[in-house]
Structures are given as C-alpha cells and as structure tokens.
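Below is one structure, written out as structure tokens; comments come after it.
Lettering follows sequence order; numbering is per chain, from 1. Fair warning: this is a prediction, and the values are worked out from it, not measured in the lab.
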Number of protein chains: 2
Amino acid sequence: MRVTADDVAARAGVSRSAVSRAFTEGASIQPDKRAHILQVAEDLGYRPNLMARSLTGGATGLIAVVVGALSSPYESWFLDILSQRIRSRGLWPLLVPVSPGQEIEPALDHALAYQVDGAVIAAGSVNQKLAERCTANGAPIVVVGRVLDGGGADSVCCDNRAGMAMIAERLVATGRRRIAWIGGRADTFSNVERFEGLTAALAAQGLALTDTRRGDYTTDSGMVQALALLTAPSRPDAIVCGNDAMAIGAIAAARRLGLRVPEDVGICGFDDIPAAAWEPFSLTTVANPVADTVDAALTLLTRRIAGEKGAVSTIRLPPALRLRQSL
Amino acid sequence: MRVTADDVAARAGVSRSAVSRAFTEGASIQPDKRAHILQVAEDLGYRPNLMARSLTGGATGLIAVVVGALSSPYESWFLDILSQRIRSRGLWPLLVPVSPGQEIEPALDHALAYQVDGAVIAAGSVNQKLAERCTANGAPIVVVGRVLDGGGADSVCCDNRAGMAMIAERLVATGRRRIAWIGGRADTFSNVERFEGLTAALAAQGLALTDTRRGDYTTDSGMVQALALLTAPSRPDAIVCGNDAMAIGAIAAARRLGLRVPEDVGICGFDDIPAAAWEPFSLTTVANPVADTVDAALTLLTRRIAGEKGAVSTIRLPPALRLRQSL
DNA sequence: CGCGGTTTTGAAAGCGTGTGCATTCATCGT
DNA sequence: ACGATGAATGCACACGCTTTCAAAACCGCG
C-alpha cells in the first residue's frame with residue numbers, strides 16, 4: 001500500500017541501495033542518477049520511512065514535550081515558543097499532555113517507547129529515578145521551570161526569588177503596607193520559590209505579609225481569592241499573585257468592588273504573559289524570560305543527545321520587572 | 001545500549017517470540033511464563049520499540065496535529081482539548097506547528113514520513129491534491145475549522161453563518177443602527193464565512209455594515225482597528241469582530257476612549273474562548289462548539305483509519321449565542 | 001498406553017531502511 | 001597500452017519487532 005524504496009528502485013531501474021543513497025546527503029552516487037531517482041520518487045510520492053531509518057541506530061528526531069493544561073495562557077505561550085524552536089532545530093515535538101496532578105511517568109514511559117531522542121519536561125513532578133531511567137534509555141531529559149532536587153537532570157529555570165525581590169522593592173517604593181499574597185498549589189516548585197522569595201525580600205525591609213490565600217494559577221481562582229481578600233475587614237493595599245493569570249482575576253475582582261487599581265489596591269503578577277500587556281489590565285509583573293529559557297533548555301538537551309557526559313547543570317535565568325499601570 | 005527483546009529473552013531463558021507474545025494482548029502463552037517475562041522486562045526497563053513494531057504493518061498510533069500560532073488563545077484552547085482527546089483514544093499527537101502564511105505541505109510531508117496514522121489539520125490551507133496524497137500514503141486527514149473545496153477530505157466546522165445570524169438578530173433587538181465589522185485575514189475560510197454570514201443576515205433585516213476594517217485575529221489588531229472606528233466622524237454603535245481576541249481588543253479601545261460598553265457601543269466576538277467570560281470583558285459572543293468539533297473530527301478520522309471508504313463527509317456543528325454584558 | 005485435538009513454543013521470514021564490503025567501471029598518469 | 005586510483009554500484013546484513021508455520025508438549029478419553 002505505502003510506496004517503499006523498492007518501488008522506486010524498480011520504477012527507476014536501479015538497485016534499492018541507489019535509492020537510499022539518493023536520499024542520503026553526501027553519499028557516493030552519480031549526480032544525474034540521483035536526480036532521476038529523486039524525480040521518480042517525487043512522481044510516486046515516496047519519502048523514506050523515518051521509523052525504519054531510525055531502526056538502524058540513527059536518531060528519530062523526536063522530542064517528547066511534557067506540558068500541562070494548555071488552556072492556561074502561560075503554558076500555551078511557552079509551548080508556542082518551544083514547539084517553534086524545536087522545529088527550527090530540525091526536530092519534532094511529540095506532545096505529551098498531562099493533567100495537573102496526573103502522574104507523568106506512564107505517559108513519559110510510553111513516549112520513550114517511540115524512541116524519542118530526548119524530552120523537555122515542563123509539567124508534572126519528576127524525580128531522580130525517573131530522570132535516570134530516561135537517560136539510561138538513551139533519551140536525556142531537561143526539566144524546565146523547576147530544579148530537580150537530587151540533580152538527576154539538567155534544568156533551566158527563572159530566578160523566582162530575584163523576581164520577587166524586584167516586586168518587593170516596588171511595593172516598598174509605592175508605600176504599600178498591607179500586602180497580601182495569592183499563591184498556587186502548595187506543592188509546585190514555582191509557587192514555593194515565589195512565596196519564599198517574596199516573604200524573604202519583604203522581611204529584609206521589615207515587612208510581612210498580612211494575609212495569604214491559595215488559588216490554582218487560574219484566572220477564576222485569582223478572582224475568587226481576591227474578592228475574599230478585598231472584602232475582608234482589613235483590606236490589603238497590595239496583592240501579589242503567584243502568576244499573571246491570577247493577577248488578572250484579581251484586577252477583575254477589584255473592578256467589580258469598585259476599587260481603583262493601583263490607587264486603592266496595587267496588583268502584580270509573575271510571568272508577563274501576552275495578556276498582561278493588554279490595556280484593560282496593564283499588569284505590572286515580572287517578565288519570565290521564556291524564549292531564553294527554551295533556547296537554553298534545547299541547547300542543553302541537544303548537547304546531551306550528542307553524547308556529552310558532564311555533570312548536570314542548572315541554569316537560572318534572570319527575570320525583569322515590567323512596570324505597567326497596576327502597581 | 002537500549003535494552004531489546006533479545007536481552008529480555010536471554011535473561012528470562014525463553015525465545016524472543018515468547019517475549020513478543022508476553023506483550024501482545026491475547027497471544028497464546030502460558031500465564032506464569034508471561035508473568036515471569038513481564039517481571040524480567042520490568043527489571044531491565046524494557047518496553048517494545050514502537051518504531052520497530054509499526055514496521056511490520058501495524059499502526060504507529062501517531063496523529064499529526066497541524067496547528068497555527070499557539071499564542072492565539074483560540075488555537076491553544078483548541079489544542080488543549082484536541083490533545084487530551086487524542087490521548088484518551090490511545091493515540092499520540094505529533095505536533096506540527098505552522099506559522100501563519102507558511103506553507104503547510106513540506107511540514108506535513110515530513111510528518112507523513114513518520115508514518116502517522118492520520119492527521120488533524122486546523123491551520124494552513126490544504127487543497128484537494130494534498131489531501132489525496134495523504135490518503136494515498138495511508139494517512140487520512142480531517143480538516144477542522146474550514147471546508148475543503150473540491151471535497152478531498154472529511155471536514156468538521158462550525159456553522160459560521162448561523163452564528164452570525166444570531167448576532168444580527170441580537171444587534172437588531174438592541175436597536176443598533178450603525179454597525180461596523182472588524183475581520184481577519186481576507187483569505188481565511190472562517191473570516192469569509194463570518195463576514196458573508198453577517199452581511200447576509202443584516203441585509204435580510206434591511207441593514208448594512210457602515211464600515212469594515214481588517215485586523216489579523218490578534219487582540220492588538222482588534223484594538224488598533226477599533227480605535228480607528230471609534231474616532232471616525234460617524235462612530236458606530238456596534239462593532240462585530242471576526243473572533244473573540246479582536247473583540248477583547250475592541251473593548252479595550254472603547255474603554256480607553258471613555259466609551260461605555262454596551263451603552264455607547266456594543267461589541268461582540270466569535271468563538272467564546274475562555275477569556276471571553278472574564279469579568280472585565282464579559283464578552284457577548286457566539287460559542288464555537290470546540291469539544292464537539294474535536295470529537296466529531298476524531299471519530300471521522302479513526303473511522304477512515306480503520307479503513308472506511310465512503311464519500312467524504314462535511315459536518316457542520318451549530319454554534320450558540322452567549323449573551324453577556326458587551327452587547 | 002495410544003490417539004485425536006488443543007495449547008505452547010521456537011525458528012524463521014519478513015517489515016523498510018542504512019551501510020560495510022566486494023566488485024565493477026571509468027579515469028588518469030606513466 | 002597498462003596498471004593504479006578512485007568513484008559508483010549492488011549484495012547482503014543488521015536494526016527490533018510481529019507473525020506464520022511447523023514441531024513439540026500437553027490434555028482427556030477410550
């Protein structure tokens with residue numbers, strides 16, 4: 001049914017090896033013969049079967065991309081950049097979507113069976129054992145957005161504490177005194193670092209959070225938690241959110257209550273997703289250097305795929321404060 | 001390097017055939033022997049190589065997913081649902097990102113070389129010839145969000161005209177007289193249908209568009225075009241946008257100009273992306289039945305993969321009006 | 001114990017490709 | 001003209017797996 005190299009060979013009156021060589025850059029074959037073969041292949045709609053090719057020991061060119069709920073603006077923004085960059089390196093992203101809370105291991109296992117050359121893991125929790133198993137299977141991994149404790153794999157991650165220190169500085173500069181926090185799921189790496197980073201930076205200024213609440217990184221949860229904060233007896237004059245999506249929800253909550261942002265309450269987020277710059281929000285936030293993160297991660301990964309054996313490296317990329325209207 | 005079935009066979013003291021059978025559901029093998037083999041495989045970290053397996057004529061389980069700029073909220077929302085549904089059918093999405101305006105053919109060609117079982121095409125333009133080539137290569141395709149002229153492939157698509165008719169009805173009901181349109185790229189299927197659907201429905205009510213402008217389906221472009229419309233001598237009292245992202249931009253534009261929505265100007269979009277429901281927008285829009293669309297598309301596709309040969313079918317799913325605050 | 005029938009089992013033949021190896025062929029220098 | 005050189009070519013094997021096929025083992029029953 002599917003047209004193979006044998007078909008092309010028969011039609012072109014050459015051996016199958018010749019067909020293979022015609023498609024191999026720099027192989028020893030007469031130029032006009034190659035042209036003829038390629039023409040016949042074109043006519044028949046033939047393309048070398050990459051599965052079979054990879055069987056002989058070559059790479060598949062497949063990169064597993066483990067990513068969380070794509071409905072989140074941050075995740076989809078990230079995947080947009082990542083998938084483009086993977087393609088521009090001549091590789092192909094095999095998407096492995098995992099729901100929050102879902103185990104990553106069985107899905108990744110299955111992806112490994114596709115002989116992926118490597119994996120970029122941007123969601124779910126991965127321990128050292130899993131990382132080692134992947135590497136042992138010839139598929140090095142790079143973890144993005146968190147640092148692997150135990151150091152089983154390379155990782156690239158924004159410097160969350162530094163980002164929060166910038167926020168704290170801005171809070172002090174604008175004279176905020178009653179500062180509240182809306183975080184995400186307590187067990188996520190970024191949430192922990194951002195929370196600790198904020199409290200530490202505030203403590204250095206002699207300040208402390210007056211209230212802390214927990215959302216789930218969605219806009220809706222940010223709105224719900226902000227409504228609770230802003231209707232409490234001692235209303236905060238600033239709300240720091242663990243990510244931009246919740247901050248956007250918080251702005252919506254303030255508006256609904258008739259509060260002015262930033263005069264009555266300052267609001268800020270983290271990541272600088274595209275929507276943060278939309279005028280109705282104009283969110284002051286910390287820019288997560290996603291493009292640089294992706295580049296660094298892919299560079300690390302391709303090096304490992306090429307066989308580099310050195311110690312695992314952890315890259316921390318510096319974020320930048322984006323001052324807009326909301327704080 | 002990578003552990004193969006031979007390794008497992010040697011370690012378990014059986015033949016390679018036995019190992020293969022142990023992993024094949026319903027194969028003829030003694031239960032305790034299978035258990036033993038599976039245990040050994042587990043110890044060695046063995047999983048059958050899916051590339052090699054697919055070589056014998058079986059399916060790869062790979063579905064190429066051609067999708068456009070994921071930074072767009074609609075696209076990422078769509079991909080979120082699609083990827084989950086693909087996984088829940090036991091298949092795997094091979095992501096093929098294409099930039100707007102970029103040719104889809106070379107990318108899809110390359111994906112075909114991975115022996116994908118089929119393809120879901122939600123971006124780029126596909127003609128009948130390309131569709132036939134895919135089908136001939138054993139990879140049926142289904143086109144989503146547009147209808148293939150010439151009918152070379154199944155397609156699933158929202159009934160854009162019906163949606164616009166609902167909008168027109170609402171416009172009349174709220175007494176709008178000067179209605180403007182902000183569309184997307186002129187050559188896209190959804191843009192053409194939505195525009196024609198709106199003008200036709202308005203004409204049936206004795207109305208006509210007072211102004212039309214062209215954006216590119218992004219929030220920024222919606223804002224730019226809406227600013228132009230709302231500062232023109234004859235300001236419209238309603239703006240219909242080709243999608244939600246532009247409508248959100250239009251709301252931002254109205255706010256910046258100090259206009260009240262919907263009192264001074266009604267604004268509506270199309271798709272009902274998650275952000276449309278966010279309170280600061282509360283966008284009246286037409287709900288694109290994305291989940292149903294995805295299900296229908298995958299059902300069609302899996303049937304084709306199973307070998308169904310019938311005539312191509314075009315499924316039109318009915319949209320629904322979502323009345324919120326903006327119109 | 002023998003025999004028909006049913007499972008289990010291992011050997012071997014592919015699946016489509018890349019490539020080492022030996023062979024052929026053209027080319028070139030002397 | 002002739003041997004040396006190098007490119008071009010075809011054969012055959014390897015990759016890891018599934019599956020057919022025939023042989024072997026097992027079962028129940030007379």
Side-chain angles (χ1 to χ4, degrees), chain A residues 1-38 40-41 44-62 110 112-117 137-139, chain B residues 1-38 40-41 44-62 109-110 112-117 136-139:
Chain A
M1 152 78 81
R2 254 156 165 157
V3 43
T4 79
D6 274 313
D7 302 331
V8 177
R11 186 86 138 70
V14 299
S15 75
R16 206 182 45 68
S17 312
V19 176
S20 175
R21 277 189 262 265
F23 279 90
T24 307
E25 197 72 23
S28 178
I29 186 174
Q30 223 163 354
D32 55 344
K33 189 172 207 169
R34 157 174 282 156
H36 175 55
I37 292 176
L38 290 181
V40 171
L44 265 52
Y46 168 77
R47 304 241 2 189
N49 182 334
L50 289 181
M51 313 273 103
R53 170 181 288 181
S54 76
L55 210 51
T56 71
T60 59
L62 251 29
H110 202 143
L112 284 183
Y114 278 110
Q115 312 299 107
V116 294
D117 293 339
N137 271 326
Chain B
M1 154 74 83
R2 255 157 165 157
V3 43
T4 79
D6 273 313
D7 302 332
V8 178
R11 187 87 140 68
V14 297
S15 73
R16 188 183 48 258
S17 315
V19 177
S20 175
R21 278 189 266 263
F23 279 91
T24 308
E25 197 71 24
S28 177
I29 186 176
Q30 224 163 352
D32 55 344
K33 189 170 207 168
R34 156 175 283 158
H36 177 230
I37 292 176
L38 290 180
V40 171
L44 265 51
Y46 167 78
R47 304 234 10 183
N49 182 334
L50 289 181
M51 312 272 104
R53 169 180 287 180
S54 77
L55 211 52
T56 71
T60 58
L62 250 29
D109 249 9
H110 202 141
L112 284 182
Y114 278 110
Q115 312 299 106
V116 295
D117 293 339
N137 271 325

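Residue A:Arg11 places its CZ atom among 12 or fewer non-hydrogen atoms of other residues, nucleotides or ligands, all under 6.0 Å distant.
Within residues 19-32 of chain B, the residues having any heavy atom under 4.0 Å from DNA chain D are, by residue number, B:Ser20, B:Arg21.
Between C:dG10 and B:Ser15, a contact under 4.0 Å exists linking OP1 or OP2 to a side-chain N or O. For C:dG16, the OP1/OP2 oxygens have no side-chain nitrogen or oxygen of B:Tyr114 closer than 4.0 Å. Proximity of B:Lys33 to the phosphate of C:dT8: no side-chain N or O atom is located under 4.0 Å from OP1 or OP2.
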Atom pairs, protein N/O to nucleotides 25-28 of chain D N/O, distance under 3.5 Å:
none

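Within 4.0 Å (heavy atoms only), B:Ser17 reaches at least one base atom of the nucleic acid. Note on A:Arg16: a base of the nucleic acid sits closer than 4.0 angstrom, heavy atoms only.
For the helix from C:dC1-D:dG30 to C:dT30-D:dA1, the axis fitted to the five pairs at one end and the axis fitted to the five pairs at the other end meet at an angle of 40° (nearest 10 degrees).
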Discussion item. For a side chain to side chain contact (heavy atoms under 4.5 Å, CB included) check, start with the C-alpha distance between B:Thr4 and B:Asn49, then their side-chain angles and the critical distance, and finish with the verdict.
Written reply: CA-CA 8 Å; B:Thr4 79; B:Asn49 182 334; over 6 Å; no
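Counting only residues at least two apart or in different chains, side-chain hydrogen bond (donor to acceptor under 3.5 Å, both in side chains) contacts with residues 13-38 of chain A are absent.
B:Asn137 pairs by the side-chain hydrogen bond (donor to acceptor under 3.5 Å, both in side chains) definition with nothing, not counting sequence neighbours. In this structure B:Ala136 satisfies the side chain to side chain contact (heavy atoms under 4.5 Å, CB included) test with no other residue, sequence neighbours excluded.
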